[in-house]
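Scroll down for the structure; my scribbles are underneath it.
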Amino acid sequence: QVQLVESGGGLVQAGGSLRLSCAASGRASGRAFTTYTMGWFRQAPGKERDFVAAISWDGAATRYSDSVKGRFTISRDNAANTVYLQMNSLKPEDTARYYCAASTTVVLTTEEANYNYWGRGTQVTVSS
């Protein structure tokens, strides 16, 4: 089993910044964190969970949703078994619970169904 724990959420004013962290432990079918595609998703009350960002196992490829591109940056430190989401220029519409997820697929994916393991999320609230 793979365990994911998010941290770094909180309440900030519009225009502010936060950095979310996701610490991973365990293995999936003998594969270490180094081999996982990692992603961030978010869900606001009453809405579906949406893709935010993803990063390949080696960090060479990243993808972002249109709503966060240019403001958010995903990164990873495989030696520390950790993935990050740096969020700058936050807007009230960024308010949501943010989830870290891991995929054992060999190709970077943005599809929620391809992510096998999920954290419990961390709340981000942006005030106007």
Side-chain angles (χ1 to χ4, degrees):
Q1 295 183 334
V2 174
Q3 296 82 45
L4 304 174
V5 180
E6 303 95 334
S7 62
L11 174 64
V12 298
Q13 293 187 46
S17 298
L18 284 173
R19 189 177 77 158
L20 306 184
S21 298
C22 174
S25 62
R27 303 171 73 91
S29 299
R31 298 180 66 184
F33 174 79
T34 304
T35 70
Y36 302 155
T37 291
M38 300 297 297
W40 288 95
F41 295 77
R42 66 186 182 185
Q43 186 171 29
K47 297 185 178 180
E48 295 182 353
R49 185 158 58 189
D50 294 327
F51 168 77
V52 176
I55 187 167
S56 62
W57 69 271
D58 59 357
T62 58
R63 294 196 179 117
Y64 300 90
S65 68
D66 290 340
S67 62
V68 307
K69 190 175 181 63
R71 298 187 297 120
F72 292 9
T73 303
I74 188 171
S75 61
R76 68 190 297 162
D77 183 346
N78 285 345
N81 292 157
T82 304
V83 63
Y84 304 95
L85 185 68
Q86 178 66 46
M87 305 185 295
N88 298 327
S89 301
L90 284 162
K91 305 174 181 179
E93 50 263 45
D94 294 318
T95 295
R97 191 164 186 85
Y98 284 71
Y99 297 88
C100 175
S103 174
T104 56
T105 58
V106 297
V107 179
L108 187 152
T109 179
T110 63
E111 293 290 333
E112 182 175 342
N114 288 334
Y115 285 83
N116 311 94
Y117 305 99
W118 295 81
R120 295 187 181 277
T122 185
Q123 181 67 35
V124 172
T125 302
V126 184
S127 62
S128 60

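One hydrophobic cluster holds both Leu85 and Val126 under the rule that ILVMFWY side chains link at heavy-atom gaps under 4.5 Å. The cluster map of Ile, Leu, Val, Met, Phe, Trp and Tyr, joined by side-chain heavy atoms under 4.5 Å apart, puts Tyr117 and Val52 in the same cluster.
The line from CH2 of Trp118 to CD of Glu6 is 10.0 Å long, rounded to the nearest 0.5 Å. The CG atom of Leu4 lies 10.5 Å from the OG1 atom of Thr82; values are rounded to the nearest 0.5 Å. Between the CD atom in Gln3 and the CG atom in Asn81 there is a gap of 11.5 Å [rounded to 0.5 Å]. Here NZ of Lys91 is found 14.0 Å from OG of Ser128. Values are rounded to the nearest 0.5 Å. Here the OG-CD distance, from Ser25 to Gln1, works out to 10.0 Å after rounding to the nearest 0.5 Å. Considering CG of Leu108 and CZ of Arg63, their distance stands at 5.0 Å, rounded to 0.5 Å.
Residues Cys100 and Trp40 have side chains in contact (heavy-atom distance under 4.5 Å, counting atoms from C-beta outward). With a 4.5 Å cut-off on side-chain heavy atoms, Leu90 and Phe72 count as touching. You'll find the side chain of Leu20 reaches within 4.5 Å of the side chain of Met87, heavy atoms only. Side-chain contact between Phe41 and Tyr115 is present, with at least one heavy-atom pair separated by less than 4.5 Å. Counting heavy atoms from C-beta on, the side chains of Gln43 and Tyr99 come closer than 4.5 Å. Side chains of Val2 and Tyr36 form a contact here, defined as non-hydrogen atoms less than 4.5 Å apart. With contacts defined as side-chain heavy-atom distances shorter than 4.5 Å, the pair Glu112/Phe51 does not qualify.
For the residue pair Gly121 and Arg97, the shortest heavy atom distance occurs at O-NH2, 2.9 Å. In this structure, Thr109 and Ser103 approach most closely via the heavy-atom pair CG2-OG, 3.8 Å.
More than 12 heavy atoms of other residues, nucleotides or ligands shown are found within 6.0 angstrom of CD on Glu93.
With hydrogens and angles disregarded, a donor-acceptor distance shorter than 3.5 Å links the side chain of Asn78 to the backbone of Trp57. Judged by distance alone, with hydrogens and angles left aside, the side-chain atoms of Arg76 form no donor-acceptor pair with the main-chain N or O of Thr37 at under 3.5 Å.
Between the side chains of Ser65 and Arg42, not a single donor N or O lies within less than 3.5 Å of an accepting N or O. In summary, the side chains of Thr104 and Asn116 do present a donor paired with an acceptor at a separation below 3.5 Å, with no hydrogens or angles considered.
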